[in-house]
Undergrad: 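Sending over a structure as structure tokens; questions will come in a sec.
Just so you know, ligand 1 is whichever comes first in the structure, and atom 1 is the first atom listed for that ligand.
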Amino acid sequence: MDDLQAQFDATIAADQRIEPRDWMPEGYRRTLIRQIAQHAHSEIIGMQPEGNWILRAPTLRRKAILLAKVQDEAGHGLYLYSAAETLGADRAELTELLLAGKQKYSSIFNYPTLSYADVGVIGWLVDGAAICNQVPLCRCSYGPYARAMIRICKEESFHQRQGYELLMAMMQGTDEQRAMVQESVNRWWWPSLMMFGPPDSDSPNTQQSMAWKIKRHSNDELRQRFVDMTVPQAEALGVTLPDPDLRWNPERGHYDFGEIDWSEFKAVLAGAGPCNAQRLAHRRRAHENGAWVREAAAAYAEKHARKQE
Ligand code: 3HC
């Protein structure tokens, strides 16, 4: 065992990849299944907020873009469930854990999409935050997760750009459209900062995840990177971020920003967000309605396997 642990440690220290057939500490495997499964759940649940606007998109072009984006999120979920399966996880079991409330998905998807501007703001802020959080994961020590992230990040860039472009169009529109964008930014800004997780001082997983080079930066570091990246974009867009304490700090070389309402974060994680019940009920219905497809695929695979015998 000592040799195997030493070999694992040397691989991590040399910034090399751990692959599915390599020996790994049970805790490393468990942490990866936890994070990758919850990441996958987030992608699938994340289809709901924007899916809500596909039938109401104002033009065929916007409808086609939104359809492509929502379809991408489904694909991201499938890559990530496949990455979890390389660790011995069972996709059906992961879905059951999600539906039983025993595994999480990102807090951000428990907020409602109340106006069409939300489609642009989600692309700009939520996918922008996702990019900040996911680009470092391309250098994660676990091979299948890192490789899944490379393709996902390329598609996230499209998601972020289409959102920002949609908002640019609205900001060059009428006063009502500009007001709709500002109202949406006011609702999504703080929940987007919460996507990066609790403060480092309250993050039980960060230290070990960074030692294993699963996480390459801490929650607060990536949150700060997101704020620094987004403030100039907000200025270019002509919107005001809803934080009176937001200001450039030349000593730090970063933007200072106000205190996040961690009680709201904890409440959403505990299931008391605006849409938690709705999101899980929708996912449960979709899972039940899709049972016949899974059964048909299994029957076909079994028949096909018998033919090969
Ligand atoms: N929503 C829900 N749960 C959260 C959370 C959030 N925003 N932030 C943290 N948590 C949970 C963690 O899962 C952990 O609970 P657990 O131990 O039961 O899993 C607990 O709060 C403590 O947080 P930690 O910081 O200790 O946990 P992690 O080290 O796992 O860090 C994380 C949290 C930064 C989200 C990390 O898991 C991560 O980077 N995950 C991969 C990226 C991801 O999942 N992003 C979610 C959004 S997906 C998305 O944006 C799709 C895009 O297309 C829009």
Undergrad: About how many Å separate OG of S209 and CG of L32, when rounded to the nearest 0.5 Å?
TA: 8.0 Å
Undergrad: Kindly indicate whether atom 34 (C) of ligand 1 is approached by any protein heavy atom to under 4.0 angstrom.
TA: yes
Undergrad: Does ligand 1 come near enough to H159 that some N or O of the ligand is less than 3.5 Å from an N or O of the residue?
TA: no
Undergrad: With heavy-atom distances below 4.0 Å as the criterion, list the atoms of ligand 1 near Y105.
TA: 1 (N), 2 (C)
Undergrad: Using heavy atoms and a threshold below 4.0 Å, how should the contact between E156 and ligand 1 be classified: side chain, backbone, both, or neither?
TA: side chain
Undergrad: Which residue and atom name correspond to the protein heavy atom nearest atom 40 (N) of ligand 1, and how close is it?
TA: Q35 NE2, 3.5 Å
Undergrad: Using a 4.0 Å cut-off to any heavy atom of G197, which atoms of ligand 1 qualify?
TA: 8 (N), 9 (C)
Undergrad: What atoms of ligand 1 come within less than 4.0 Å of a heavy atom belonging to S203?
TA: 24 (P), 25 (O), 26 (O)
Undergrad: Has P198 got any heavy atom lying under 4.0 angstrom from an atom of ligand 1?
TA: yes
Undergrad: Taking side chain to side chain contact (heavy atoms under 4.5 Å, CB included) as the criterion, tell me which of H39, Q134, R151, E43 meets it with H76.
TA: E43
Undergrad: Where is the nearest protein heavy atom to atom 42 (C) of ligand 1: which residue, which atom, and how far?
TA: N133 OD1, 3.0 Å
Undergrad: Which atoms from ligand 1 have a heavy atom of M194 less than 4.0 Å away?
TA: 7 (N)
Undergrad: Determine, for D72 against K69, whether the closest basic-nitrogen to carboxylate-oxygen distance falls under 4.0 angstrom.
TA: no
Undergrad: What is the nearest protein non-hydrogen atom to atom 6 (C) of ligand 1, stated with its residue, atom name and distance?
TA: S107 OG, 3.6 Å
Undergrad: Under 3.5 Å, is there a donor-acceptor pair between the side chain of R216 and the main chain of M210?
TA: no
Undergrad: Going by the angle between their ring planes, with limits at 30° and 60°, are F265 and W262 parallel, tilted or perpendicular?
TA: perpendicular
Undergrad: By number and element, which atoms of ligand 1 are closer than 4.0 Å to a non-hydrogen atom of A130?
TA: 50 (O), 52 (C)
Undergrad: Report the nearest protein non-hydrogen atom to atom 54 (C) of ligand 1: residue, atom name, distance rounded to 0.1 Å.
TA: D127 OD2, 3.5 Å
Undergrad: Under 3.5 Å, is there a donor-acceptor pair between the side chain of K104 and the main chain of Q38?
TA: no
Undergrad: Is the shortest N/O to N/O distance between S209 and ligand 1 below 3.5 Å?
TA: no
Undergrad: Between Y145 and ligand 1, does any nitrogen or oxygen pair lie at a separation below 3.5 Å?
TA: no
Undergrad: To the nearest 0.5 Å, tell me how far Q177 CD sits from Y116 OH.
TA: 10.5 Å
Undergrad: Quick test: of every protein heavy atom, which one is nearest to atom 12 (C) of ligand 1, and how far off is it to 0.1 Å?
TA: R34 NH1, 4.2 Å
Undergrad: Against heavy atoms of F109, which atoms of ligand 1 measure under 4.0 Å?
TA: 54 (C)
Undergrad: How does S42 reach ligand 1, by side chain, by backbone, by both or by neither, if only non-hydrogen atoms under 4.0 Å count?
TA: side chain
Undergrad: Is the count of non-hydrogen atoms from other residues, nucleotides or ligands lying under 6.0 Å from Q208 atom CD greater than 12?
TA: yes
Undergrad: For V126, counting its heavy atoms only, list the atoms of ligand 1 lying under 4.0 Å from any of them.
TA: 54 (C)
Undergrad: So which heavy atom in the protein is nearest atom 14 (C) of ligand 1, and how far is it from that ligand atom?
TA: N205 ND2, 3.7 Å
Undergrad: Has ligand 1 got any nitrogen or oxygen that is less than 3.5 angstrom from a nitrogen or oxygen of E73?
TA: yes
Undergrad: About how many Å separate CH2 of W124 and CD of E165, when rounded to the nearest 0.5 Å?
TA: 14.5 Å
Undergrad: Regarding Q182 and N186, do their side chains bring together a donor and an acceptor under 3.5 Å, going by distance alone?
TA: yes
Undergrad: Ignoring hydrogens and geometry, is there a side-chain-to-backbone donor-acceptor pair from W292 to N289 under 3.5 Å?
TA: yes
Undergrad: Is there a polar contact between ligand 1 and F265, counting only N or O atoms under 3.5 Å apart?
TA: no
Undergrad: Within a radius of less than 6.0 Å around CD of E235, do more than 12 heavy atoms belonging to other residues, nucleotides or ligands occur?
TA: yes
Undergrad: Under a 4.0 angstrom heavy-atom cut-off, which atoms of ligand 1 come close to F196?
TA: 34 (C)
Undergrad: Taking the minimum heavy-atom distance to atom 19 (O) of ligand 1, which of K104, Q38, E155 ranks first?
TA: Q38
Undergrad: Write out the residue and atom name of the closest protein heavy atom to atom 31 (O) of ligand 1, then the distance separating them to 0.1 Å.
TA: K215 NZ, 3.1 Å
Undergrad: Provide, to 0.1 Å, the distance between atom 4 (C) of ligand 1 and the closest protein heavy atom, together with that atom's residue and name.
TA: L269 CD2, 3.9 Å
Undergrad: May I ask you to decide whether R306 forms a salt bridge with E309, counting only side-chain N to carboxylate O separations under 4.0 Å?
TA: no
Undergrad: About how many Å separate CG of L125 and OH of Y164, when rounded to the nearest 0.5 Å?
TA: 10.5 Å
Undergrad: Any idea how W248 and Y255 line up, ring-wise: parallel (<30°), tilted (30 to 60°), or perpendicular (>60°)?
TA: perpendicular
Undergrad: Are side-chain N/O atoms of D9 and Q5 paired as donor and acceptor at under 3.5 Å?
TA: yes
Undergrad: Would you say N219 and ligand 1 have an N/O pair spaced under 3.5 Å apart?
TA: yes
